Amino acid sequence: MFGLIDCNNFYASCERAFNPSLNGKPVVVLSNNDGCVIARSAEAKVLGIPMGEPAYKLKELIETNQVFVFSSNYVLYGDMSQRVMNTISTFATDMEIYSIDEAFILLDGFENIDLKEYGENVVRTVTRNTGIPVSMGIAHTKTLAKVANKFAKKYKNYKGVCIIDTDEKREKALKLTDIGDVWGIGRRYSKRLQYYSINNAWDFTQRPKNWVRHLMGVTGERTWMELCGIPCFGMDTPGDKKSICTSRSFGERLTEMAPISEAVSNFAAGCAEKLRQQHSYGCVLTVFIHTNPFATNQAQYYNQKVMQLSVPTNDTTELINYALRGLKSIFIQGYQFKKAGVIVSEIVPERPLQGDLFDLRNREKFNRVMTVMDSLNTMYGKQKVKIASQGFDRKWKLKNERLSPCYTTKLDDVLEVNA
DNA sequence: TCTGGGGTCCTAGGACCC
DNA sequence: TCTGGGGTCCTAGGACCC
(Lines give C-alpha, C1' and ligand atoms only; values in the text may rest on other atoms or scores of the structure.)
Protein backbone atom coordinates (compact mmCIF):
# COMPACT_ATOMS: atom_id res chain seq x y z
CA MET A 1 0.00 0.00 0.00
CA PHE A 2 1.00 3.60 -0.56
CA GLY A 3 0.36 6.42 1.85
CA LEU A 4 0.24 10.02 0.72
CA ILE A 5 0.67 12.71 3.34
CA ASP A 6 -0.22 16.17 2.15
CA CYS A 7 -0.18 19.44 4.11
CA ASN A 8 -3.46 21.33 4.24
CA ASN A 9 -3.24 24.77 2.61
CA PHE A 10 0.49 24.57 3.20
CA TYR A 11 1.71 28.16 2.76
CA ALA A 12 -1.27 29.61 4.57
CA SER A 13 -0.73 27.10 7.39
CA CYS A 14 2.94 28.12 7.67
CA GLU A 15 1.91 31.73 8.18
CA ARG A 16 -0.55 30.61 10.83
CA ALA A 17 1.84 28.38 12.70
CA PHE A 18 3.61 31.39 14.18
CA ASN A 19 0.69 33.76 14.21
CA PRO A 20 -2.24 32.03 15.89
CA SER A 21 -4.35 35.17 15.74
CA LEU A 22 -4.89 34.13 12.11
CA ASN A 23 -6.73 30.97 13.13
CA GLY A 24 -10.29 31.00 11.86
CA LYS A 25 -9.57 34.03 9.66
CA PRO A 26 -9.25 34.04 5.87
CA VAL A 27 -5.58 33.99 4.85
CA VAL A 28 -4.06 34.11 1.37
CA VAL A 29 -0.47 33.94 0.19
CA LEU A 30 0.60 35.67 -3.01
CA SER A 31 3.10 34.60 -5.65
CA ASN A 32 6.38 36.41 -6.21
CA ASN A 33 5.94 40.12 -6.84
CA ASP A 34 2.67 39.93 -4.93
CA GLY A 35 1.18 38.81 -8.23
CA CYS A 36 -1.53 36.23 -7.81
CA VAL A 37 -3.04 34.03 -5.12
CA ILE A 38 -1.17 30.75 -4.72
CA ALA A 39 -2.47 29.54 -1.36
CA ARG A 40 -5.71 30.03 0.56
CA SER A 41 -6.92 29.02 3.97
CA ALA A 42 -10.25 27.20 4.17
CA GLU A 43 -11.97 30.48 5.11
CA ALA A 44 -10.52 32.20 2.05
CA LYS A 45 -11.77 29.37 -0.17
CA VAL A 46 -15.25 29.81 1.27
CA LEU A 47 -15.15 33.48 0.25
CA GLY A 48 -14.74 32.28 -3.32
CA ILE A 49 -11.18 33.48 -3.83
CA PRO A 50 -9.92 31.42 -6.78
CA MET A 51 -6.48 29.91 -7.08
CA GLY A 52 -4.19 31.88 -9.38
CA GLU A 53 -6.33 35.02 -9.38
CA PRO A 54 -4.33 38.26 -9.73
CA ALA A 55 -4.29 40.09 -6.41
CA TYR A 56 -5.28 43.48 -7.78
CA LYS A 57 -8.57 42.02 -9.02
CA LEU A 58 -9.38 40.93 -5.48
CA LYS A 59 -8.70 44.21 -3.76
CA GLU A 60 -12.28 44.93 -2.85
CA LEU A 61 -13.08 41.39 -1.75
CA ILE A 62 -9.97 41.40 0.43
CA GLU A 63 -10.83 44.68 2.09
CA THR A 64 -14.48 44.04 2.76
CA ASN A 65 -13.80 40.60 4.23
CA GLN A 66 -10.63 41.50 6.10
CA VAL A 67 -8.58 38.83 4.40
CA PHE A 68 -5.01 38.58 5.70
CA VAL A 69 -2.61 38.78 2.80
CA PHE A 70 1.03 37.65 2.75
CA SER A 71 3.84 37.85 0.24
CA SER A 72 5.38 34.44 -0.28
CA ASN A 73 8.15 33.65 2.19
CA TYR A 74 9.92 30.67 0.66
CA VAL A 75 12.61 30.62 3.29
CA LEU A 76 9.96 29.98 5.92
CA TYR A 77 8.02 27.46 3.81
CA GLY A 78 11.17 25.57 2.87
CA ASP A 79 12.22 25.25 6.47
CA MET A 80 8.76 24.22 7.64
CA SER A 81 8.64 21.66 4.85
CA GLN A 82 11.85 20.11 6.15
CA ARG A 83 10.38 19.83 9.62
CA VAL A 84 7.27 18.12 8.27
CA MET A 85 9.34 15.71 6.17
CA ASN A 86 11.62 14.92 9.10
CA THR A 87 8.67 13.88 11.23
CA ILE A 88 7.12 11.80 8.44
CA SER A 89 10.42 10.02 7.89
CA THR A 90 10.29 8.61 11.42
CA PHE A 91 7.21 6.61 10.39
CA ALA A 92 8.50 4.90 7.27
CA THR A 93 11.56 3.20 5.90
CA ASP A 94 10.78 4.17 2.31
CA MET A 95 9.67 7.72 1.67
CA GLU A 96 9.46 9.84 -1.44
CA ILE A 97 9.28 13.61 -1.03
CA TYR A 98 7.04 14.50 -3.94
CA SER A 99 6.79 18.25 -3.50
CA ILE A 100 7.29 20.95 -0.90
CA ASP A 101 4.12 19.90 0.89
CA GLU A 102 3.57 16.21 0.20
CA ALA A 103 5.28 12.86 0.50
CA PHE A 104 4.52 9.25 -0.35
CA ILE A 105 5.44 6.48 2.05
CA LEU A 106 5.51 2.78 1.30
CA LEU A 107 3.37 0.69 3.62
CA ASP A 108 4.86 -2.74 3.04
CA GLY A 109 4.65 -5.35 5.77
CA PHE A 110 1.74 -3.58 7.41
CA GLU A 111 -0.66 -6.55 7.05
CA ASN A 112 -1.12 -6.93 10.77
CA ILE A 113 -1.28 -3.25 11.57
CA ASP A 114 -4.43 -1.21 11.89
CA LEU A 115 -3.81 1.29 9.10
CA LYS A 116 -6.47 3.69 10.27
CA GLU A 117 -4.90 3.93 13.69
CA TYR A 118 -1.43 4.17 12.20
CA GLY A 119 -2.49 6.96 9.82
CA GLU A 120 -4.18 8.93 12.56
CA ASN A 121 -0.99 8.71 14.57
CA VAL A 122 1.06 10.07 11.65
CA VAL A 123 -1.36 12.96 11.14
CA ARG A 124 -1.49 13.78 14.86
CA THR A 125 2.26 13.64 15.30
CA VAL A 126 3.14 15.81 12.30
CA THR A 127 0.63 18.44 13.35
CA ARG A 128 1.85 18.39 16.95
CA ASN A 129 5.53 18.57 16.01
CA THR A 130 5.25 21.29 13.38
CA GLY A 131 1.97 23.14 13.80
CA ILE A 132 1.05 22.24 10.23
CA PRO A 133 -2.22 20.29 9.71
CA VAL A 134 -1.87 17.35 7.30
CA SER A 135 -4.05 14.66 5.75
CA MET A 136 -3.24 11.14 4.67
CA GLY A 137 -4.64 8.94 1.93
CA ILE A 138 -3.89 5.22 1.77
CA ALA A 139 -4.51 2.87 -1.17
CA HIS A 140 -2.98 0.22 -3.43
CA THR A 141 -1.69 2.70 -6.00
CA LYS A 142 -0.30 6.21 -5.82
CA THR A 143 -3.13 7.63 -7.92
CA LEU A 144 -5.74 6.06 -5.62
CA ALA A 145 -3.82 7.32 -2.58
CA LYS A 146 -4.15 10.79 -4.09
CA VAL A 147 -7.90 10.26 -4.43
CA ALA A 148 -8.10 9.02 -0.84
CA ASN A 149 -6.19 12.06 0.34
CA LYS A 150 -8.81 14.38 -1.14
CA PHE A 151 -11.49 12.64 0.90
CA ALA A 152 -9.35 12.75 4.03
CA LYS A 153 -9.25 16.52 3.62
CA LYS A 154 -12.91 16.88 2.75
CA TYR A 155 -14.64 14.97 5.53
CA LYS A 156 -13.93 16.07 9.06
CA ASN A 157 -15.00 12.81 10.72
CA TYR A 158 -12.26 10.89 8.87
CA LYS A 159 -9.80 12.47 11.33
CA GLY A 160 -7.47 13.29 8.48
CA VAL A 161 -7.10 9.72 7.18
CA CYS A 162 -8.92 7.96 4.35
CA ILE A 163 -8.21 4.42 3.22
CA ILE A 164 -9.35 2.88 -0.06
CA ASP A 165 -8.69 -0.83 0.36
CA THR A 166 -11.73 -2.57 -1.17
CA ASP A 167 -13.41 -2.48 -4.57
CA GLU A 168 -16.60 -1.11 -3.00
CA LYS A 169 -14.75 1.84 -1.47
CA ARG A 170 -12.86 2.37 -4.72
CA GLU A 171 -16.06 2.51 -6.77
CA LYS A 172 -17.72 4.87 -4.34
CA ALA A 173 -14.71 7.17 -4.17
CA LEU A 174 -14.18 7.26 -7.95
CA LYS A 175 -17.84 8.07 -8.57
CA LEU A 176 -17.46 11.10 -6.28
CA THR A 177 -14.24 12.29 -7.94
CA ASP A 178 -14.48 14.76 -10.81
CA ILE A 179 -12.40 13.62 -13.77
CA GLY A 180 -10.37 16.84 -13.62
CA ASP A 181 -9.39 16.14 -10.01
CA VAL A 182 -7.57 12.94 -10.94
CA TRP A 183 -3.77 13.05 -10.65
CA GLY A 184 -2.43 13.06 -14.20
CA ILE A 185 -5.54 14.50 -15.85
CA GLY A 186 -5.23 18.22 -16.38
CA ARG A 187 -7.44 20.83 -17.96
CA ARG A 188 -7.01 19.71 -21.54
CA TYR A 189 -7.70 16.03 -21.09
CA SER A 190 -10.49 16.72 -18.67
CA LYS A 191 -12.25 18.78 -21.31
CA ARG A 192 -11.74 16.16 -23.99
CA LEU A 193 -12.98 13.40 -21.70
CA GLN A 194 -16.07 15.38 -20.79
CA TYR A 195 -16.81 15.62 -24.49
CA TYR A 196 -17.14 11.82 -24.38
CA SER A 197 -19.45 12.11 -21.34
CA ILE A 198 -16.76 11.06 -18.91
CA ASN A 199 -17.45 13.24 -15.91
CA ASN A 200 -15.97 11.36 -13.01
CA ALA A 201 -13.10 8.98 -12.39
CA TRP A 202 -15.41 5.96 -12.37
CA ASP A 203 -16.75 6.73 -15.86
CA PHE A 204 -13.13 6.85 -17.00
CA THR A 205 -12.30 3.40 -15.63
CA GLN A 206 -15.35 1.92 -17.41
CA ARG A 207 -13.88 2.73 -20.82
CA PRO A 208 -11.76 0.07 -22.54
CA LYS A 209 -8.02 0.39 -21.93
CA ASN A 210 -7.25 0.60 -25.66
CA TRP A 211 -9.63 3.49 -26.11
CA VAL A 212 -7.81 5.41 -23.38
CA ARG A 213 -4.45 4.51 -24.87
CA HIS A 214 -5.53 5.84 -28.22
CA LEU A 215 -6.79 9.13 -26.81
CA MET A 216 -4.13 9.83 -24.18
CA GLY A 217 -1.05 7.73 -24.89
CA VAL A 218 0.81 5.66 -22.34
CA THR A 219 0.54 8.27 -19.61
CA GLY A 220 -3.25 8.16 -19.80
CA GLU A 221 -3.18 4.37 -19.89
CA ARG A 222 -1.09 4.34 -16.72
CA THR A 223 -3.54 6.62 -14.94
CA TRP A 224 -6.39 4.34 -16.05
CA MET A 225 -4.62 1.27 -14.69
CA GLU A 226 -3.75 2.96 -11.42
CA LEU A 227 -7.37 3.97 -10.93
CA CYS A 228 -8.34 0.33 -11.57
CA GLY A 229 -6.03 -0.69 -8.75
CA ILE A 230 -3.09 -1.91 -10.85
CA PRO A 231 0.08 -0.14 -9.72
CA CYS A 232 2.19 1.47 -12.46
CA PHE A 233 4.21 3.87 -10.33
CA GLY A 234 6.61 2.73 -7.65
CA MET A 235 8.53 4.76 -5.13
CA ASP A 236 10.73 7.19 -7.04
CA THR A 237 14.08 8.43 -5.90
CA PRO A 238 14.28 11.83 -7.52
CA GLY A 239 17.64 12.09 -9.26
CA ASP A 240 19.59 15.16 -10.25
CA LYS A 241 17.82 17.90 -12.15
CA LYS A 242 18.01 17.73 -15.93
CA SER A 243 17.49 21.44 -16.34
CA ILE A 244 17.79 24.30 -13.91
CA CYS A 245 16.05 27.62 -14.33
CA THR A 246 16.26 30.86 -12.37
CA SER A 247 13.92 33.58 -13.53
CA ARG A 248 11.95 36.46 -12.07
CA SER A 249 9.51 39.12 -13.05
CA PHE A 250 10.84 42.52 -12.13
CA GLY A 251 9.19 44.64 -9.46
CA GLU A 252 9.16 47.52 -11.92
CA ARG A 253 9.52 47.66 -15.67
CA LEU A 254 13.10 48.10 -16.82
CA THR A 255 14.25 49.80 -19.99
CA GLU A 256 18.01 50.03 -19.45
CA MET A 257 20.64 47.38 -19.95
CA ALA A 258 22.41 47.94 -16.60
CA PRO A 259 19.75 46.78 -14.14
CA ILE A 260 18.80 43.88 -16.41
CA SER A 261 22.47 42.81 -16.57
CA GLU A 262 22.53 42.86 -12.81
CA ALA A 263 19.43 40.71 -12.65
CA VAL A 264 20.72 38.25 -15.24
CA SER A 265 24.04 37.98 -13.35
CA ASN A 266 22.11 37.03 -10.25
CA PHE A 267 20.02 34.46 -12.14
CA ALA A 268 23.15 32.87 -13.62
CA ALA A 269 24.74 32.82 -10.17
CA GLY A 270 21.62 31.12 -8.83
CA CYS A 271 21.84 28.42 -11.50
CA ALA A 272 25.53 27.89 -10.78
CA GLU A 273 24.84 27.43 -7.10
CA LYS A 274 22.10 24.89 -7.76
CA LEU A 275 24.44 23.04 -10.13
CA ARG A 276 27.18 22.84 -7.51
CA GLN A 277 24.71 21.65 -4.91
CA GLN A 278 23.91 18.60 -7.01
CA HIS A 279 27.52 18.16 -8.15
CA SER A 280 26.75 18.69 -11.82
CA TYR A 281 27.94 20.73 -14.75
CA GLY A 282 25.82 22.42 -17.39
CA CYS A 283 26.64 22.21 -21.10
CA VAL A 284 24.08 24.66 -22.47
CA LEU A 285 22.98 28.04 -21.17
CA THR A 286 19.89 29.93 -22.31
CA VAL A 287 19.13 33.51 -21.40
CA PHE A 288 15.78 35.12 -22.17
CA ILE A 289 14.07 38.47 -21.68
CA HIS A 290 10.59 39.66 -22.42
CA THR A 291 8.18 42.53 -21.98
CA ASN A 292 4.88 42.27 -20.13
CA PRO A 293 2.61 40.02 -22.22
CA PHE A 294 -0.47 41.30 -20.40
CA ALA A 295 0.16 44.89 -21.44
CA THR A 296 -1.41 44.38 -24.85
CA ASN A 297 -1.31 48.08 -25.67
CA GLN A 298 2.49 48.12 -25.44
CA ALA A 299 5.11 47.04 -27.92
CA GLN A 300 6.04 43.41 -27.21
CA TYR A 301 9.42 41.77 -27.47
CA TYR A 302 10.57 38.29 -26.59
CA ASN A 303 13.93 36.81 -27.34
CA GLN A 304 16.30 34.17 -26.11
CA LYS A 305 19.86 33.12 -26.78
CA VAL A 306 20.96 29.52 -26.50
CA MET A 307 24.67 28.94 -26.04
CA GLN A 308 26.74 25.78 -26.10
CA LEU A 309 29.44 26.02 -23.41
CA SER A 310 32.91 25.11 -24.62
CA VAL A 311 33.54 23.09 -21.44
CA PRO A 312 30.78 21.88 -19.08
CA THR A 313 30.89 24.05 -15.97
CA ASN A 314 29.21 25.08 -12.72
CA ASP A 315 31.50 28.07 -12.18
CA THR A 316 29.55 31.23 -11.29
CA THR A 317 31.98 33.58 -13.03
CA GLU A 318 31.92 31.55 -16.22
CA LEU A 319 28.14 31.17 -16.33
CA ILE A 320 27.65 34.88 -15.66
CA ASN A 321 30.02 35.61 -18.50
CA TYR A 322 28.03 33.54 -20.96
CA ALA A 323 24.72 34.89 -19.69
CA LEU A 324 25.79 38.52 -20.08
CA ARG A 325 27.19 37.90 -23.54
CA GLY A 326 23.89 36.28 -24.49
CA LEU A 327 21.90 39.14 -22.99
CA LYS A 328 23.92 41.66 -24.97
CA SER A 329 23.03 39.88 -28.18
CA ILE A 330 19.28 39.99 -27.57
CA PHE A 331 18.75 43.22 -25.63
CA ILE A 332 17.15 46.05 -27.57
CA GLN A 333 16.69 49.59 -26.39
CA GLY A 334 13.16 50.97 -26.38
CA TYR A 335 11.15 48.24 -24.69
CA GLN A 336 9.82 47.97 -21.17
CA PHE A 337 11.13 44.67 -19.91
CA LYS A 338 9.22 42.75 -17.28
CA LYS A 339 11.01 39.46 -16.91
CA ALA A 340 14.30 37.71 -17.56
CA GLY A 341 15.76 34.34 -16.77
CA VAL A 342 18.62 31.91 -17.17
CA ILE A 343 18.25 28.20 -17.93
CA VAL A 344 21.03 25.66 -17.73
CA SER A 345 20.43 22.38 -19.54
CA GLU A 346 22.21 19.27 -20.77
CA ILE A 347 23.38 18.69 -17.25
CA VAL A 348 26.12 16.11 -16.65
CA PRO A 349 27.77 14.74 -13.52
CA GLU A 350 30.95 16.50 -12.32
CA ARG A 351 33.05 13.49 -13.20
CA PRO A 352 34.28 12.41 -15.65
CA LEU A 353 34.68 15.81 -17.26
CA GLN A 354 35.18 16.11 -21.00
CA GLY A 355 37.67 18.93 -21.38
CA ASP A 356 38.55 21.14 -24.30
CA LEU A 357 41.96 20.75 -25.89
CA PHE A 358 42.34 24.49 -26.27
CA ASP A 359 40.90 25.43 -22.88
CA LEU A 360 43.11 28.05 -21.22
CA ARG A 361 41.17 28.39 -18.01
CA ASN A 362 42.76 27.24 -14.79
CA ARG A 363 39.81 25.13 -13.71
CA GLU A 364 41.45 23.75 -10.60
CA LYS A 365 41.93 27.24 -9.26
CA PHE A 366 38.44 28.49 -10.06
CA ASN A 367 37.01 25.35 -8.51
CA ARG A 368 38.72 26.20 -5.27
CA VAL A 369 37.40 29.76 -5.46
CA MET A 370 33.86 28.43 -5.79
CA THR A 371 34.33 26.05 -2.89
CA VAL A 372 35.57 28.84 -0.65
CA MET A 373 32.80 31.16 -1.77
CA ASP A 374 30.14 28.55 -1.04
CA SER A 375 31.49 27.79 2.39
CA LEU A 376 31.71 31.49 3.31
CA ASN A 377 28.14 32.03 2.18
CA THR A 378 26.97 28.99 4.12
CA MET A 379 28.69 30.23 7.24
CA TYR A 380 27.92 33.95 7.10
CA GLY A 381 24.71 34.14 5.11
CA LYS A 382 23.55 34.23 1.50
CA GLN A 383 25.47 36.44 -0.92
CA LYS A 384 28.01 37.59 1.64
CA VAL A 385 30.53 36.98 -1.12
CA LYS A 386 29.42 37.44 -4.69
CA ILE A 387 30.56 38.47 -8.15
CA ALA A 388 30.76 42.24 -8.78
CA SER A 389 28.34 42.14 -11.71
CA GLN A 390 25.63 40.85 -9.38
CA GLY A 391 25.63 44.40 -8.06
CA PHE A 392 23.88 46.16 -5.20
CA ASP A 393 21.27 48.31 -6.93
CA ARG A 394 18.67 45.59 -7.13
CA LYS A 395 16.42 47.78 -9.23
CA TRP A 396 14.96 44.56 -10.56
CA LYS A 397 14.02 43.26 -7.13
CA LEU A 398 10.69 41.70 -6.39
CA LYS A 399 7.80 43.46 -4.85
CA ASN A 400 6.93 41.79 -1.56
CA GLU A 401 5.30 44.28 0.68
CA ARG A 402 3.63 41.85 3.01
CA LEU A 403 6.44 39.54 3.90
CA SER A 404 6.19 37.71 7.20
CA PRO A 405 9.25 37.25 9.44
CA CYS A 406 11.59 34.30 8.90
CA TYR A 407 10.58 32.87 12.25
CA THR A 408 12.65 29.73 11.99
CA THR A 409 15.79 30.77 10.14
CA LYS A 410 16.72 34.29 11.25
CA LEU A 411 17.72 35.10 14.81
CA ASP A 412 16.30 38.63 14.64
CA ASP A 413 12.93 37.20 13.58
CA VAL A 414 12.54 34.63 16.32
CA LEU A 415 9.31 35.02 18.24
CA GLU A 416 9.38 36.62 21.67
CA VAL A 417 7.06 35.12 24.21
CA ASN A 418 6.04 37.12 27.25
CA ALA A 419 5.21 34.80 30.09
C1' DT B 1 -0.69 50.45 -12.15
C1' DC B 2 -1.09 45.72 -10.64
C1' DT B 3 -1.15 38.75 -13.74
C1' DG B 4 4.66 33.34 -10.38
C1' DG B 5 8.32 30.06 -10.73
C1' DG B 6 10.12 25.59 -11.37
C1' DG B 7 10.05 21.15 -13.22
C1' DT B 8 8.96 16.21 -15.91
C1' DC B 9 7.63 12.95 -19.57
C1' DC B 10 5.84 11.52 -24.15
C1' DT B 11 5.05 11.79 -29.17
C1' DA B 12 5.33 12.81 -33.98
C1' DG B 13 7.95 14.09 -37.62
C1' DG B 14 12.17 15.14 -39.97
C1' DA B 15 16.85 14.12 -41.06
C1' DC B 16 20.06 10.94 -41.34
C1' DC B 17 22.49 6.11 -41.53
C1' DC B 18 23.23 1.32 -43.78
C1' DT C 1 4.37 0.89 -64.93
C1' DC C 2 7.33 -0.64 -61.45
C1' DT C 3 10.68 2.41 -56.25
C1' DG C 4 12.77 -1.86 -49.50
C1' DG C 5 13.54 -2.59 -44.90
C1' DG C 6 15.48 -1.46 -40.77
C1' DG C 7 17.31 1.66 -37.66
C1' DT C 8 18.93 6.18 -34.58
C1' DC C 9 18.93 10.86 -33.05
C1' DC C 10 17.10 15.37 -32.47
C1' DT C 11 13.54 18.84 -31.85
C1' DA C 12 9.31 21.16 -31.08
C1' DG C 13 5.18 20.94 -29.11
C1' DG C 14 1.84 19.21 -26.01
C1' DA C 15 0.49 17.42 -21.89
C1' DC C 16 1.05 17.14 -16.99
C1' DC C 17 2.70 18.18 -11.87
C1' DC C 18 3.53 21.25 -7.57
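Not measured: the values here are computed from a predicted model. Each chain gets a letter, A, B and so on, in the order the sequences are listed, and its residues count up from 1. Just the heavy atoms: all of them, side chains too, but no hydrogens, waters or symmetry mates, feed the values below.
We find that CD1 of Ile97(A) is positioned 17 Å from C1' of dG6(B), with the value rounded to whole Å. Rounding to whole angstrom units, CG of residue Asp6(A) and P of dC17(C) are separated by 14 Å. Atom CD in Glu226(A) sits about 14 Å away from atom C1' in dC17(C), given to the nearest Å. At whole-Å resolution of the value, CZ in Phe10(A) and C1' in dC17(C) are 17 Å apart. Atom CD of Glu346(A) and atom P of dT8(B) are 14 Å apart (whole Å). The interatomic distance linking Gln304(A) (CD) with dT11(C) (P) rounds to 13 Å, in whole Å. Note: CE (Met216(A)) to C1' (dA15(C)) measures 9 Å, nearest angstrom. Counting to the nearest Å, the C1' atom of dG7(B) and the CD1 atom of Ile244(A) are 11 Å from each other.
Heavy atoms of Val306(A) sit nowhere under 4.0 angstrom from any nucleic acid atom. Within 4.0 Å (heavy atoms only), Glu53(A) reaches no atom of the nucleic acid at all. No contact: Asn33(A) has no heavy atom under 4.0 Å from any strand. Counting non-hydrogen atoms under 4.0 angstrom, Ile185(A) reaches the backbone sugars and phosphates but no base. Lys241(A) comes within 4.0 angstrom of sugar-phosphate atoms only, judged by non-hydrogen atoms across all strands, and of no base. Lys242(A) comes within 4.0 angstrom of sugar-phosphate atoms only, judged by non-hydrogen atoms across all strands, and of no base. Among the heavy atoms of the strands, none lies under 4.0 Å from Asp34(A). Using a 4.0 Å heavy-atom cutoff across all strands shown, Ser72(A) reaches no nucleic acid atom at all.
Tyr118(A) and Phe91(A) have perpendicular rings, their planes meeting at more than 60° on a 0 to 90° scale where under 30° would count as parallel.
Remark: DNA chain C forms stems of 3 or more consecutive Watson-Crick or G-U wobble pairs, all pair distances under 3.5 Å, at B:5-18 with C:5-18.
Listed nucleotides: dC17(C), dC10(B), dG7(B). Nearest to the side chain of Cys245(A): dG7(B). Comparing atom distances between the Asn32(A) side chain and each of dG4(B), dT3(B), dT8(B) picks out dG4(B) as nearest. Comparing atom distances between the Ser249(A) side chain and each of dC18(C), dT3(B), dG5(B) picks out dG5(B) as nearest. Distance from the side chain of Tyr189(A) is smallest to dC16(C) among dC18(C), dC16(C), dG4(B). The side chain of Ser243(A) lies closest to dG7(B) when the candidates are dG5(B), dG4(B), dG7(B). Out of dT8(B), dA15(C), dG5(B), the shortest distance to the side chain of Arg188(A) is found at dA15(C). Set against dT3(B), dC18(C), dG6(B), the side chain of Pro54(A) has dT3(B) as its closest nucleotide.
The side chain of Arg253(A) contributes no N or O atom lying less than 4.0 Å from OP1 or OP2 of dT1(B). One finds no side-chain N or O of Thr246(A) lying less than 4.0 angstrom from the OP1 or OP2 phosphate oxygen of dG5(B). The side chain of Lys338(A) contributes an N or O atom lying less than 4.0 Å from OP1 or OP2 of dT3(B). Under 4.0 angstrom from either OP1 or OP2 of dC9(B) there lies no side-chain N or O belonging to Arg222(A). Phosphate contact (OP1/OP2 of dG6(B), side-chain N/O of Ser247(A), threshold under 4.0 Å): present.
Looking at heavy atoms from C-beta onward, Phe331(A) lies out of side-chain contact with Asn303(A) at the 4.5 angstrom threshold. Residues Glu120(A) and Arg124(A) form a side-chain contact, since some pair of their non-hydrogen atoms from C-beta on lies under 4.5 Å apart. Counting heavy atoms from C-beta outward, Ile49(A) and Leu61(A) have side chains that approach closer than 4.5 Å. Contact of the Phe18(A) side chain with the Leu76(A) side chain is registered, since non-hydrogen atoms from C-beta on lie closer than 4.5 Å.
With rounding to the nearest 0.5 angstrom, the CG atom of Leu227(A) is 6.5 Å from the CD1 atom of Ile185(A).
Between Lys175(A) and Asp203(A) there is no salt bridge, since none of the side-chain N atoms of the basic residue sits less than 4.0 Å from a carboxylate O of the acidic one. Using a 4.0 Å cut-off between charged side-chain N and carboxylate O, Arg16(A) and Glu43(A) make a salt bridge. Under a 4.0 Å N-O distance rule, the pair Glu96(A)/Lys142(A) qualifies as a salt bridge.
The separation of dG4(C) from dC17(B), taken at their C1' atoms, amounts to 15 Å, rounded to a whole angstrom.
Both Arg213(A) and Lys57(A) sit near DNA chain B, but only Lys57(A) has its closest nucleotide nearer the 5' end.
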